[in-house]
Amino acid sequence: MNINLVFEFLKAFLGAFYDKGIGSIFWGFLHIFYNEGYSDAFKNYTEYFGAGEWAVAIIFIILIVAVMVAIIVLAIMGLRKLARLGKAKVLPQDLVEECANLKKQIIKMSAEKDRILSMRVSDIGNYEGEEGSEGEEGKEKSPSGESRFYKLTEIDKIYENYVPPVYDDEITLPQFCDKFRNFACSRMKLFYQPRIIRLFVASLSTSRLLILQGISGTGKTSLPHAMGIFLNNPATIASVQPSWRDRTELFGYFNEFTKRFNETEVLKKMYEATWNDQIYLTVLDEMNIARVEYYFAEMLSILEMPSRDEWIVDLVPSGWPNDPKHIEKGRFQLPQNMWFIGTANNDDSTFAISDKVYDRAMPININSKGIAFEAPWEDNLFISYKHLEAEFKKSQEIYQVSQDNLDKINQLDDYVIEHFRLAFGNRIVKQLKEFVPSYVGCGGSELDGLDYVLCNKIFRKFESLNLSYIRDEIDGLVLYLSELFGEENMQESKEYINRLKKLF
């Protein structure tokens with residue numbers, strides 16, 4: 001009795017839910033597309049239709065059909081979205097399976113790589129075994145038998161039967177400066193003041209690194225470029241990139257996979273320079289677009305060694321029998337006949353050159369364009385670095401800095417220490433004693449050479465000071481310079497100091 005009551009109650013409930021709920025919605029939706037009312041309406045009114053009414057009726061029918069189509073499209077899109085949602089629930093599992101397949105492939109590729117490497121090692125072992133019979137056991141070799149320094153080995157072949165040119169061993173420093181200035185003017189339409197030429201040539205006697213700095217377009221890069229052509233040995237132009245951070249940008253690096261050394265053009269020229277006595281110039285163009293103390297750090301340390309026998313770079317850890325002739329046990333001795341010329345612009349896109357670099361280099365300011373002049377036609381010449389250095393040494397013996405000026409330099413050093421807390425340092429004094437006689441030997445004056453060194457090696461350091469606190473001391477320094485060297489001398493230093501005062 002009770003069960004029948006429950007059954008009847010549920011039957012009444014579900015029947016009402018279907019008839020008035022889901023069933024009504026379904027049949028009502030279906031009734032939209034199949035409705036006898038549409039045909040009855042047309043039968044009752046079409047007999048009175050004119051042309052205008054028929055046009056309106058047709059538009060109305062099109063709208064009704066469009067609504068129906070839209071409803072169908074929306075229904076289909078809804079079903080497709082539900083299907084995608086259903087697939088999305090399965091997607092993580094698909095990703096897991098795909099990852100498993102990728103891992104299997106990686107394992108297979110790793111095994112293949114190990115197999116190939118083992119074959120390469122086996123080949124190397126066989127190669128070494130064959131050479132070992134000739135007394136070369138224990139030395140690693142290239143699997144192919146070729147040198148790992150391709151470019152350097154090619155230079156060995158080129159210079160195998162090298163005959164040096166006839167060098168001009170009679171030319172003096174003044175003649176050298178005059179000939180180069182006339183050559184740059186007559187052959188290349190480059191106009192340089194005699195003082196710039198003297199500074200450039202005399203700086204070669206003092207440091208293996210020169211820095212040509214100043215405003216753009218004054219011929220900083222053109223100067224060493226013209227010098228290279230004049231000496232029948234074009235300069236190597238190395239364009240510094242912002243990404244330069246270490247020594248590999250200059251020398252290159254050893255590729256462990258290919259067993260080859262990727263040589264740079266700079267290293268190639270360095271190696272070539274070991275085969276002859278010509279003068280080699282390498283231009284580090286825009287050298288401060290990256291930090292010089294990063295990529296040139298090792299060179300700065302090596303070139304500072306007192307003995308040139310210590311100018312050695314470790315290129316690779318060990319030597320191979322087929323390495324180039326001038327590389328022993330992976331070590332390379334830097335050539336004595338190569339100079340590095342850096343060009344620098346000071347703007348927002350560059351880094352400030354640190355004191356560490358400036359102290360070791362010889363900076364030359366080129367801030368004005370040369371004035372055109374007429375010069376006789378001048379030919380190239382061959383000159384060895386040994387003759388040039390002999391001329392420098394001769395000048396340093398003949399035109400030694402006078403003791404009177406050395407005493408004045410010592411007094412100036414004490415004054416600067418007392419008022420500015422800066423000292424000259426032994427390195428700068430050594431450079432002064434080498435540069436000034438060479439500058440005089442090129443045709444300049446001793447006081448002009450001293451002025452250059454003081455301005456570019458000592459007073460340049462004032463930029464790192466807080467000049468707002470020492471403005472009054474600057475006026476006293478200018479007066480002291482006039483007292484020591486005369487009112488008409490040391491003009492470059494005085495102008496630089498006064499310019500600093502105006503900036504702060």
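Along the sequence shown, residues carry numbers from 1.
Put simply, the side chain of Asp323 never gets that close to the backbone of Gly319: no donor and acceptor are under 3.5 Å apart. Listed for the Thr218 side chain is a donor-acceptor partner under 3.5 Å among the backbone atoms of Ile215. Distance alone, capped at 3.5 Å, is enough to place a donor-acceptor pair between the Tyr295 side chain and the Met287 backbone. Side-chain N or O atoms of Thr350 include none that pairs as donor or acceptor with a backbone N or O of Asn288 at under 3.5 Å. Although no hydrogens or angles enter the test, the distance criterion places no donor-acceptor pair under 3.5 Å between the side chain of Ser147 and the main chain of Tyr150. Counting only distance, with no hydrogens or angles, the side chain of Asp168 and the backbone of Glu170 share a donor-acceptor pair below 3.5 Å. Between the side chain of Asn380 and the main chain of Ile229, a donor-acceptor pair closer than 3.5 Å is present. The backbone N or O of Val401 lies less than 3.5 Å from no partner atom in the side chain of Asn405, so there is not a single donor-acceptor pair. The main-chain N or O of Met299 is never found under 3.5 Å from a side-chain atom of Arg208 such that the two would form a donor-acceptor pair.
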Passes ring pair (Phe, Tyr, Trp, His ring centres under 6.0 Å), Phe180 versus Phe183? Steps please.
CA-CA 5 Å; Phe180 171 60; Phe183 174 87; 7.0 Å; no
Apply salt bridge (charged side-chain N to carboxylate O under 4.0 Å, His left out) to Glu272 and Lys269, showing your working.
CA-CA 5 Å; Glu272 181 184 323; Lys269 279 295 183 180; 3.6 Å; yes
Passes side chain to side chain contact (heavy atoms under 4.5 Å, CB included), Ile302 versus Val313? Steps please.
CA-CA 8 Å; Ile302 293 174; Val313 176; 3.5 Å; yes
Chi angles and distances behind the side chain to side chain donor-acceptor pair (under 3.5 Å) call for Asp407, Gln411
CA-CA 6 Å; Asp407 293 339; Gln411 296 177 42; over 6 Å; no
Tell me, with the steps shown, if Arg308 and Glu389 meet salt bridge (charged side-chain N to carboxylate O under 4.0 Å, His left out).
CA-CA 14 Å; Arg308 294 183 180 181; Glu389 291 191 332; 2.8 Å; yes
Does Asn262 form a side chain to side chain donor-acceptor pair (under 3.5 Å) with Asn255? I'd like the steps, not just the answer.
CA-CA 7 Å; Asn262 291 353; Asn255 189 319; 5.2 Å; no
Under the criterion side chain to side chain donor-acceptor pair (under 3.5 Å), I'd like the reasoning laid out for Asn337 against Trp339: C-alpha separation, chi angles, the key distance, then a yes or no.
CA-CA 7 Å; Asn337 53 335; Trp339 281 262; over 6 Å; no
What verdict does the side chain to side chain donor-acceptor pair (under 3.5 Å) test give for Tyr159 and Asn276, after you've listed the backbone C-alpha separation in whole Å, the side-chain angles of each residue and the deciding distance to 0.1 Å?
CA-CA 9 Å; Tyr159 280 86; Asn276 60 74; 3.3 Å; yes
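Across all non-hydrogen atoms, the minimal contact from Ser205 to Ala202 is OG-O, 2.5 Å. The shortest non-hydrogen separation linking Ile171 to His387 is O-NE2, 2.8 Å. Considering all non-hydrogen atoms of both residues, Arg360 and Lys457 come closest at N-NZ, 4.4 Å. Heavy-atom minimum distance, Glu286 versus Thr343: N-OG1, 2.9 Å. Looking at every heavy atom in both residues, Met305 comes nearest to Trp311 through O-NE1, 3.4 Å. Of all heavy-atom pairs between Asp169 and Ser384, the closest is OD1-OG, 4.0 Å.
Ring geometry, Phe254 versus Trp320: the interplanar angle exceeds 60°, so the pair is classed perpendicular (tilted spans 30 to 60°). By the 30° and 60° cut-offs, the orientation of the rings of Tyr415 relative to His419 is parallel. The aromatic rings of Phe176 and Phe230 are tilted relative to each other, their planes meeting at an angle between 30° and 60°. Using cut-offs of 30° and 60° for the angle between ring planes, the Tyr271 and His326 rings count as tilted.
Separation of the Phe340 and Phe296 ring centroids falls under the 6.0 Å cut-off. Tyr253 has its ring centre no less than 6.0 Å from the ring centre of Phe261. Outside the 6.0 Å centre-distance limit, the rings of Phe200 and Tyr192 are not counted as a close aromatic pair.
Salt bridge status for Lys461 with Asp359: present, with a side-chain N to carboxylate O gap under 4.0 Å. Classification of Glu310 and Arg331 as a salt-bridged pair fails, no side-chain N sitting under 4.0 Å from a carboxylate O. Classification of Arg195 and Glu492 as a salt-bridged pair holds, one side-chain N sitting under 4.0 Å from a carboxylate O. Salt-bridge check for Lys356 with Glu293: failed, with every basic side-chain N at 4.0 Å or more from each acidic carboxylate O. The pair Glu263-Lys268 does not meet the salt-bridge criterion, since no charged nitrogen lies less than 4.0 angstrom from a carboxylate oxygen. Between Lys151 and Glu154 no salt bridge is recorded (no basic side-chain N to carboxylate O distance below 4.0 Å).
In this model, no donor atom of one side chain and acceptor atom of the other lie less than 3.5 Å apart for Glu391 and Thr172. Between the side chains of Asp246 and Thr248, at least one donor-acceptor pair of N or O atoms lies under 3.5 Å. When only modelled atom types and interatomic distance are considered, Thr221 and Asp285 share a side-chain donor-acceptor pair under 3.5 Å. With hydrogens and angles left out, the side-chain atoms of Asp156 and Trp275 include a donor and acceptor closer than 3.5 Å.
Taking a 6.0 Å sphere around CD of Glu488, one finds it holds more than 12 heavy atoms contributed by other residues, nucleotides or ligands. For CD of Glu487, the number of neighbouring non-hydrogen atoms (other residues, nucleotides, ligands) closer than 6.0 Å is 12 at most. Atom CZ of Arg245 has 12 or fewer heavy atoms from other residues, nucleotides or ligands within 6.0 Å. Heavy atoms from other residues, nucleotides or ligands lying under 6.0 Å from CD of Glu298 number more than 12. The environment of Asn367 atom CG is dense: over 12 non-hydrogen atoms of other residues, nucleotides or ligands sit within 6.0 angstrom. Sparse packing is recorded around CD1 of Ile371, with 12 or fewer heavy atoms of other residues, nucleotides or ligands lying under 6.0 Å away. Residue Lys394 qualifies as open at atom NZ: its count of foreign heavy atoms under 6.0 Å is 12 or below.
Note that NZ of Lys494 is 15.0 Å distant from CZ of Arg499, once rounded to the nearest 0.5 Å. The line from CD1 of Ile155 to CZ of Phe149 is 12.0 Å long, rounded to the nearest 0.5 Å. Summarising the geometry, atom CG belonging to Leu484 is positioned 11.5 Å from atom CG belonging to Leu479; distances are rounded to the nearest 0.5 Å. Between the NZ atom in Lys220 and the CG atom in Leu212 there is a gap of 8.0 Å [rounded to 0.5 Å]. Taking CG of Asn233 as the start and CD of Gln278 as the end, the distance is 4.5 Å to the nearest 0.5 Å. A distance of 8.0 Å separates CG in Asp451 from CG in Asn489, rounded to the nearest 0.5 Å.
The side-chain tip of Arg181 points at the ring of Phe373 from less than 6.0 angstrom away and within 45° of straight on. For Arg460 and Tyr496, the positive end is not near the middle of the six-membered ring at less than 6.0 Å and at most 45° from its axis.
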